[in-house]
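For reference, the structure discussed in these notes is given below.
The basis for the numbers below is simple: all heavy atoms, side chains too, and nothing from hydrogens, waters or symmetry mates. Nothing here was measured: the structure is a model prediction, and the numbers come from that model. Lettering follows sequence order; numbering is per chain, from 1.
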Protein chains: 2
Amino acid sequence: MSVDLVHTGLAGQTVAVLRELVLTGEIAAGERVNEVGLAQRLGISRGPLREAIRHLASEGLLVLTPNRGAHVPVADNTGVHALFELRSALECAAARLAAARRTDADLTRMREVSAASRAAFTTGEFPYRLDLAFHGALLEAARSPLVAEQVRLAQQRVVLLRAAKELTFSHEQASIDEHDVLIEAIGDQDADRAAAVMATHLDRVRDQLLTTG
Amino acid sequence: MSVDLVHTGLAGQTVAVLRELVLTGEIAAGERVNEVGLAQRLGISRGPLREAIRHLASEGLLVLTPNRGAHVPVADNTGVHALFELRSALECAAARLAAARRTDADLTRMREVSAASRAAFTTGEFPYRLDLAFHGALLEAARSPLVAEQVRLAQQRVVLLRAAKELTFSHEQASIDEHDVLIEAIGDQDADRAAAVMATHLDRVRDQLLTTG
DNA sequence: AAGTTGTTAACTGTCGACAGTTGGCAGAAT
DNA sequence: ATTCTGCCAACTGTCGACAGTTAACAACTT
């Protein structure tokens, strides 16, 4: 809830700053967060920082231990499987909704992102930003704000996993191809096929993350 | 994250107390939450109360407005549809997982809850507690802790909707019947059928909630 | 009378200080 | 050498007070 709107006030800003610190791996996996130290470093009081920490914890980016504070979670293989079960549940449903509700403009947008991905790939780059852009375009087509919000939270936790494994996004042809198959299924308004393609896509991404680490 | 474990400390306890106040409708829909007043009423300081408020907000049980504090959300029909899209996404996936992973013990447990529901129904009662127990048993069978957690959060928001509409749970034969069909599909390890049954079940519950209010 | 502006009270946002708990470390006993 | 015990430092949990903002009300203008 209200992830973008509450950039008001010190607590809201601190959420953004701390999120970046965690996602970039500047605060490594397993590392504890010292309240007084970080508060001084950010030039703020402990109050807003605590609220920011609790917020990030509710997103799964931090883990709270009573009287021991917060630390960045360290995910084992079991945790990765659990996270991708959640992401798959949400994003397959989003693919279904997108297939049912997409407009021609949505399709155009998704094709644009896919084309940009291919163009970037030929130059040897396939930035994670473009991958997120594609999934974001799909979420827009699904027109389900709550599902979209939860998908973004799950994706964020995957980003954290990549940071923990010190992985820059692997440049994969397979992902772009699967995106295009997804576009096709959504274009045909074939919800079942879209969900199935999404499921296999995410399974492959998960396995690649597991084997690479 | 950590919804059950952080009952330590005043903030954790306050989360539980405040959650009850919201879910029972003691704090009505649309009503604002006064920090100083509620803090005095609970005999605590504003710090822990603020953290509790932020926590409930992250669960969707409260809405934060910059410099205006928190209030219980008022859901219109659009909001109800959006919420049930999320719940359906999660719980259909849970049904799929349950069909794939259920043990005989899981089946037995679900049948027990269903039998208890029927017994209660003959006496004119069908407590919401038993409905939650059934869905809880299904979640256990799914063996996906993150999905289960999100399902419970979504269910909780539905409870809030019922409280807002001052609805006691309607005694519905249809729900119990649908539960049994779900058990059958899960027993047959038919994931597609389980998901389909769950989807129609939730659609019916949603429509009933919309028409009754 | 309607609209506008100045004022004010109530509330949230933030801070610094104090209290309580935890885990580690040093030292004694076996 | 090892284990147990008592201390201690560092940290989190909590509190009360101050600062900043908002929305409503009153007075004034047109």
Side-chain angles (χ1 to χ4, degrees), chain A residues 1-19 21-22 26-74, chain B residues 1-19 21-22 26-74:
Chain A
M1 285 269 100
S2 61
V3 180
D4 304 309
L5 299 178
V6 185
H7 282 281
T8 307
L10 272 183
Q13 293 175 246
T14 306
V15 167
V17 173
L18 186 52
R19 172 182 286 131
L21 288 178
V22 172
E26 193 159 341
I27 301 180
E31 188 174 342
R32 281 186 49 193
V33 177
N34 185 302
E35 292 186 1
V36 288
L38 187 54
Q40 287 179 355
R41 177 179 163 189
L42 297 178
I44 62 174
S45 174
R46 279 180 58 214
L49 176 58
R50 278 176 66 90
E51 289 182 1
I53 288 174
R54 293 294 169 49
H55 188 98
L56 274 289
S58 78
E59 293 185 1
L61 261 48
L62 289 175
V63 176
L64 298 177
T65 311
N67 295 314
R68 307 266 5 245
H71 63 91
V72 180
V74 286
Chain B
M1 285 269 96
S2 61
V3 180
D4 305 309
L5 300 179
V6 186
H7 281 279
T8 306
L10 271 182
Q13 295 175 244
T14 306
V15 168
V17 172
L18 187 52
R19 173 182 286 130
L21 287 178
V22 171
E26 193 158 341
I27 302 180
E31 188 174 341
R32 280 186 49 191
V33 177
N34 186 301
E35 292 186 1
V36 286
L38 187 54
Q40 288 178 354
R41 176 178 163 189
L42 297 178
I44 63 176
S45 174
R46 278 180 59 213
L49 177 59
R50 277 176 69 89
E51 289 182 1
I53 289 174
R54 294 314 216 294
H55 189 101
L56 274 301
S58 78
E59 294 186 0
L61 260 48
L62 289 174
V63 176
L64 298 177
T65 311
N67 295 315
R68 305 269 2 251
H71 62 91
V72 180
V74 286

(Q) With heavy-atom distances below 4.5 Å as the criterion, would you say the side chains of B/Ile53 and B/Leu38 are in contact? (A) no
Q: Tell me what B/Arg68 touches on the nucleic acid: a base, only sugar-phosphate, or nothing, going by heavy atoms under 4.0 Å.
A: sugar-phosphate
Q: Could you check which residues of residues 28-35 of chain A get a heavy atom under 4.0 Å from DNA chain D? Sort them by number, please.
A: A/Arg32, A/Val33, A/Asn34, A/Glu35
(Q) Quick check: do B/Leu42 and B/Leu10 have side-chain heavy atoms less than 4.5 Å from each other? (A) no
Q: Tell me what B/Gly47 touches on the nucleic acid: a base, only sugar-phosphate, or nothing, going by heavy atoms under 4.0 Å.
A: nothing
Q. Is a side-chain N or O of A/Arg32 found less than 3.5 angstrom from the main chain of A/Arg68, in a donor-acceptor match?
A. yes
Q.
What I'd like to find out is whether the side chain of B/Leu61 reaches to under 4.5 Å of the side chain of B/Val72, using heavy atoms alone.
A. no
Q) Considering heavy-atom distances to DNA chain C, does A/Arg46 or A/Asn67 have its closest nucleotide positioned more toward the 5' end? A) A/Arg46
Q: Return the value, rounded to whole Å, for the distance between atom NE2 of B/His71 and atom P of C/dC11.
A: 16 Å
Q.
To the nearest 0.5 Å, what is the distance between CD on A/Glu59 and CZ on A/Arg54?
A. 14.5 Å
Q. How many angstroms lie between atom CG of B/Leu62 and atom CD1 of B/Ile27, to the nearest 0.5 angstrom?
A. 7.5 Å
Q: Report the distance from atom CD of B/Gln40 to atom C1' of C/dC11, rounded to the nearest whole Å.
A: 13 Å
Q) Between the side chains of B/Glu51 and B/His55, does any donor sit under 3.5 Å from an acceptor? A) no
Q. Nucleotide range of DNA chain D contacted by chain B, 5' to 3', under 4.0 Å to a heavy atom?
A. D/dT14 to D/dA23
Q. Which heavy atom of B/Pro73 sits nearest a heavy atom of B/Ala29, and at what distance?
A. O-CB, 4.0 Å
